[in-house]
Amino acid sequence: MKAEGAATPAAWASQRERSNRFLLLVMRRLALALGRRNARVLLHPIACWFVLDRSTRLHSARYLSRALARPAGWRDVYRHVHAFAATVLDRVYLLQERFDEFRFTASGVDAILVPFARGDGVLAFGAHLGSFEALRMIGHDKGLRVAMIMYEDNARLINETLAALAPKAELRTIALGRVDAMLALRRWLDDGGVAGLLADRTLAASSQRSKRIAIPFLGAPALFADGPFRLAAMLKRRVVFMAGLYRGGRDYELRFVELADFSALDAASSAGAAARDAAVRAALERYVATLEALCREAPYNWFNFYDFWADATASPAADAAG
């Protein structure tokens with residue numbers, strides 16, 4: 001894990017984590033050679049090592065103090081980092097679809113399965129919360145076709161990581177920034193696929209299609225991009241929140257919450273455009289409220305190790321752009 005130091009939410013794009021292929025290969029080898037139970041013993045020295053890092057400790061404690069509604073101490077930070085390390089280790093087994101090593105519970109899954117049964121594509125927006133790989137169980141169990149939406153550089157890094165952890169695993173990606181990206185995404189959804197996106201990080205620059213809006217989050221304004229929801233409105237799609245919460249040991253809880261349904265939205269007129277903007281804002285606010293509720297319910301599951309609120313503090317007028 002790499003702490004973001006003084007990086008702000010908007011700076012993450014220019015300070016992307018680079019996968020250490022050698023370290024990932026070592027992790028995979030140890031995980032497979034030792035087995036999950038024995039490999040988990042290594043999580044304690046790993047977590048202790050990262051707790052000693054001042055930046056990691058500082059940003060973890062700041063976030064946890066908000067989520068726990070009390071000052072966070074060393075034990076809290078250790079538990080936070082240990083949960084992150086545990087989900088990273090579990091990636092090896094989940095990507096290899098060794099689901100029998102885990103216990104899964106799920107709630108709200110009909111938000112995905114009902115549209116799927118009708119052949120309707122769904123946009124599933126998640127966050128750096130718990131384990132995205134745990135959500136692969138639903139795809140495997142129910143036959144869902146899932147692709148991740150991401151920028152091309154991130155897609156390349158994810159594929160490199162995947163190749164190091166589980167060479168035979170398959171991850172479908174739709175790379176934004178390419179000329180044919182929207183066409184590929186529309187086709188995927190028209191064919192009944194699920195397209196996932198992590199929507200709790202913002203890009204450094206705003207555009208006419210995406211604005212960063214300051215929304216109350218865990219007691220203070222934080223900037224969230226409305227671009228994912230504008231994309232959903234443009235494609236007239238249903239949006240579902242997704243999360244694979246790590247509950248400790250071998251337990252994961254898969255959570256799905258419907259956020260919005262843009263299928264009947266008409267933005268052809270000026271009145272329609274205003275209605276679209278209002279619907280986008282409402283969906284974004286529900287996303288943030290859902291994320292906040294889960295951060296309070298499962299505080300050690302949110303893995304954004306930097307000052308998430310810094311940009312909103314520096315730019316209090318950001319909400320005026322919304």
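Quick caveat: nothing in here was measured; it's all calculated off a predicted structure.
- Heavy-atom neighbours of R70 CZ from other residues, nucleotides or ligands within 6.0 Å: above the threshold of 12.
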For residues 182-196, which side-chain N or O atoms pair as donor and acceptor with protein atoms under 3.5 Å away, sequence neighbours left out?
from: W188; atom 1: NE1; to: V194; atom 2: O; distance (Å): 3.0
from: D190; atom 1: OD1; to: R237; atom 2: NH2; distance (Å): 2.4

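- In this structure, H80 contributes its side chain and F303 its backbone to no donor-acceptor pair below 3.5 Å.
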Side chain to side chain contact (heavy atoms under 4.5 Å, CB included) between R281 and F229, worked out: CA-CA 8 Å; R281 177 62 179 257; F229 296 93; over 6 Å; no
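- Ring centroid separation for the pair F224 and F308 comes in under the 6.0 Å cut-off.
- Remark: D120 engages P115, R118 in a side chain to side chain contact (heavy atoms under 4.5 Å, CB included) (not counting sequence neighbours).
- To the nearest 0.5 Å, the span separating CG on D200 from CG on L223 amounts to 13.0 Å.
- Here NE2 of H128 is found 5.0 Å from CG of L198. Values are rounded to the nearest 0.5 Å.
- Interatomic distance, F262 CZ to R276 CZ, rounded to the nearest 0.5 Å: 10.5 Å.
- Checking side-chain atoms of T173 against main-chain N and O of M148 turns up no donor-acceptor pair under 3.5 Å.
- The closest donor-acceptor contact from the side chain of R247 to the backbone of Y252 lies at 3.5 Å or more, if one exists at all.
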Taking only distance into account, with no hydrogens and no angle test, what donor-acceptor pairs under 3.5 Å do side-chain atoms of residues 288-296 form with protein atoms, sequence neighbours excluded?
from: T290; atom 1: OG1; to: R286; atom 2: O; distance (Å): 2.8
from: E292; atom 1: OE2; to: L218; atom 2: N; distance (Å): 2.5
from: R296; atom 1: NH1; to: R66; atom 2: O; distance (Å): 3.1

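- Between G249 and R36, the shortest heavy-atom distance links the atoms O-NH2, 2.5 Å.
- To the nearest 0.5 Å, atoms CG (D53) and CZ (F305) are separated by 10.5 Å.
- In this structure, S60 contributes its side chain and R57 its backbone to no donor-acceptor pair below 3.5 Å.
- Between V239 and A232 the shortest heavy-atom distance is CG2-CB, 3.4 Å.
- With sequence neighbours excluded, the residues forming a side chain to side chain contact (heavy atoms under 4.5 Å, CB included) with D261 are R238, E258, S263, listed by chain and number.
- Once rounded to the nearest 0.5 Å, the distance linking NE2 of H59 with CZ of R54 reads 8.5 Å.
- Under the side chain to side chain contact (heavy atoms under 4.5 Å, CB included) criterion, P299 pairs with Y63, L64, A67, L68, not counting sequence neighbours.
- Counting only distance, with no hydrogens or angles, the side chain of Y93 and the backbone of A31 share a donor-acceptor pair below 3.5 Å.
- Under 4.0 Å is where a charged nitrogen must lie from a carboxylate oxygen, and between D226 and R212 no such pair does.
- In this structure, the ring of Y300 has its center no less than 6.0 angstrom from the ring center of H82.
- Residues A127 and W302 share a closest heavy-atom pair of CB-NE1, 4.5 Å.
- Around atom CZ of R40, more than 12 heavy atoms belonging to other residues, nucleotides or ligands sit under 6.0 Å away.
- Residues that satisfy the side chain to side chain contact (heavy atoms under 4.5 Å, CB included) test with N38, not counting sequence neighbours, are L34.
- With hydrogens and angles disregarded, a donor-acceptor distance shorter than 3.5 Å links the side chain of W309 to the backbone of F217.
- Ion pairing of E133 with R136 is absent here, as no side-chain N (NZ or NE/NH1/NH2) approaches a carboxylate O to less than 4.0 Å.
- Under the 3.5 Å distance criterion, the side-chain polar atoms of Y287 are matched with a main-chain donor or acceptor of G126.
- A donor-acceptor pair shorter than 3.5 Å cannot be found between the side chains of D251 and Y246.
- Listed for the N301 side chain is no donor-acceptor partner under 3.5 Å among the backbone atoms of L129.
- A salt bridge is defined here as a Lys NZ or Arg NE, NH1 or NH2 lying under 4.0 Å from an Asp or Glu carboxylate O, and D277 with K211 fails to meet this definition.
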